[in-house]
Amino acid sequence: MLSVKIRANVVDDIQLAKAIESAGADIIHVDAMKEGAGADLDTIRRIRDATRIFLIGNNSIQSFDDAKEMFSRGADMVSVGRQAMDSPEIIDSLVDAVSEFQESTGWYNAPKHICRGQGDLRGLTFCCLPVKPCAVHNKAKQLGFSPREFANLKMEFVKGTPLEYGDSTCFGSLAWCCKITKPCFMRDGVLDLIDLSPQEYMKLKKQMADYILDHAKEK
Ligand code: SF4
Ligand code: SF4
């Protein structure tokens with residue numbers, strides 16, 4: 001297993017991350033350093049969008065909320081630096097919190113919705129049918145999809161899965177439905193009706209995100 005650690009904002013992060021992935025590394029470990037306080041979360045998101053490599057995010061992780069911010073930009077794992085020296089118990093508390101979060105949500109590092117401006121490309125799994133002018137068009141284009149190709153791909157994935165259902169949702173199928181943390185009685189009503197738990201819903205959404213990225217025409 002080969003892991004490479006880099007520090008953000010020194011050279012071109014995207015070029016470097018792509019080179020590390022192409023060279024065959026298994027893991028990229030990113031110190032998301034930036035000027036001023038806090039971690040450079042946007043660099044984590046941009047590296048996630050440019051690569052499929054296992055990504056460890058590092059910098060300013062002092063709590064589970066900090067870890068969640070990195071997870072929702074595409075980090076698969078986080079690492080803790082100075083905070084672990086001051087409070088070694090943070091390691092156990094993070095492990096417990098991430099495990100509980102996975103159990104309760106079904107997808108511990110689910111992305112943010114793309115329209116919030118912070119979602120990585122995995123967030124396309126939560127996108128609506130591309131019928132209105134919004135961020136979905138540019139994001140689908142980044143993967144080489146026309147709006148129709150994107151729509152067809154999602155419908156192809158859901159065929160034969162519980163996500164195919166959802167007549168009473170905005171676009172007639174759970175394929176187009178939002179993240180479970182966004183309250184919606186229409187989606188939740190369908191989940192109840194087909195006896196699909198919120199966790200199973202999110203696991204299927206994760207599989208759909210992988211399916212979309214696996215079929216990207218531009219990488
Ligand atoms: S398609 Fe829907 S979820 Fe996606 S960016 Fe547009 S408004 Fe947001
Ligand atoms: S039905 Fe609810 S979850 Fe589905 S797209 Fe509409 S608002 Fe989102």
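Note: hydrogens, waters and symmetry copies are ignored here, and every other heavy atom, side chains too, is used. Order of appearance sets the numbers: ligands from 1, and atoms from 1 within every ligand. As the structure is a prediction and not an experimental result, all values here were calculated from the model.
Closest protein heavy atom to atom 8 (Fe) of ligand 1: C115 SG, 2.4 Å.
Below the 2.8 Å limit, atom 4 (Fe) of ligand 2 has as protein N, O or S neighbours C177 SG.
Interface atoms of ligand 1 facing V136, defined by a heavy-atom separation under 4.0 Å, are 1 (S), 5 (S). Taking every heavy atom of C127 and a limit of under 4.0 angstrom, the matching atoms of ligand 1 come to 1 (S), 3 (S), 4 (Fe), 5 (S). Listed by number with element, the atoms of ligand 1 under 4.0 Å from a non-hydrogen atom of C134 are 1 (S), 5 (S), 6 (Fe), 7 (S).
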field: Residue pair K112, E69: steps toward the salt bridge (Lys or Arg N to Asp or Glu O under 4.0 Å) verdict
entry: CA-CA 9 Å; K112 290 181 185 288; E69 289 299 320; 3.7 Å; yes
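A salt bridge does not link D49 to R46: none of the charged nitrogens lies less than 4.0 Å from a carboxylate oxygen. With salt bridges taken as basic N to acidic carboxylate O contacts below 4.0 Å, none links D86 and R82.
Clustering ILVMFWY residues whenever any of their side-chain heavy atoms sit less than 4.5 angstrom apart, transitively, puts I47 in a cluster other than the one holding I114.
Through side-chain heavy atoms spaced under 4.5 Å, either directly or across other Ile, Leu, Val, Met, Phe, Trp or Tyr residues, F54 is tied to M1, I27, I56, M77.
Take D188 and apply the side-chain hydrogen bond (donor to acceptor under 3.5 Å, both in side chains) test, not counting sequence neighbours, and it matches no residue.
Cation-pi check for K68 over F101 is met; the charged atom lies under 6.0 angstrom from the ring centroid and within 45 degrees of its normal.
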Side-chain donor/acceptor pairs under 3.5 Å, residues 129-140, sequence neighbours excluded:
residue: H137; atom: NE2; partner: K132; partner atom: O; Å: 2.9

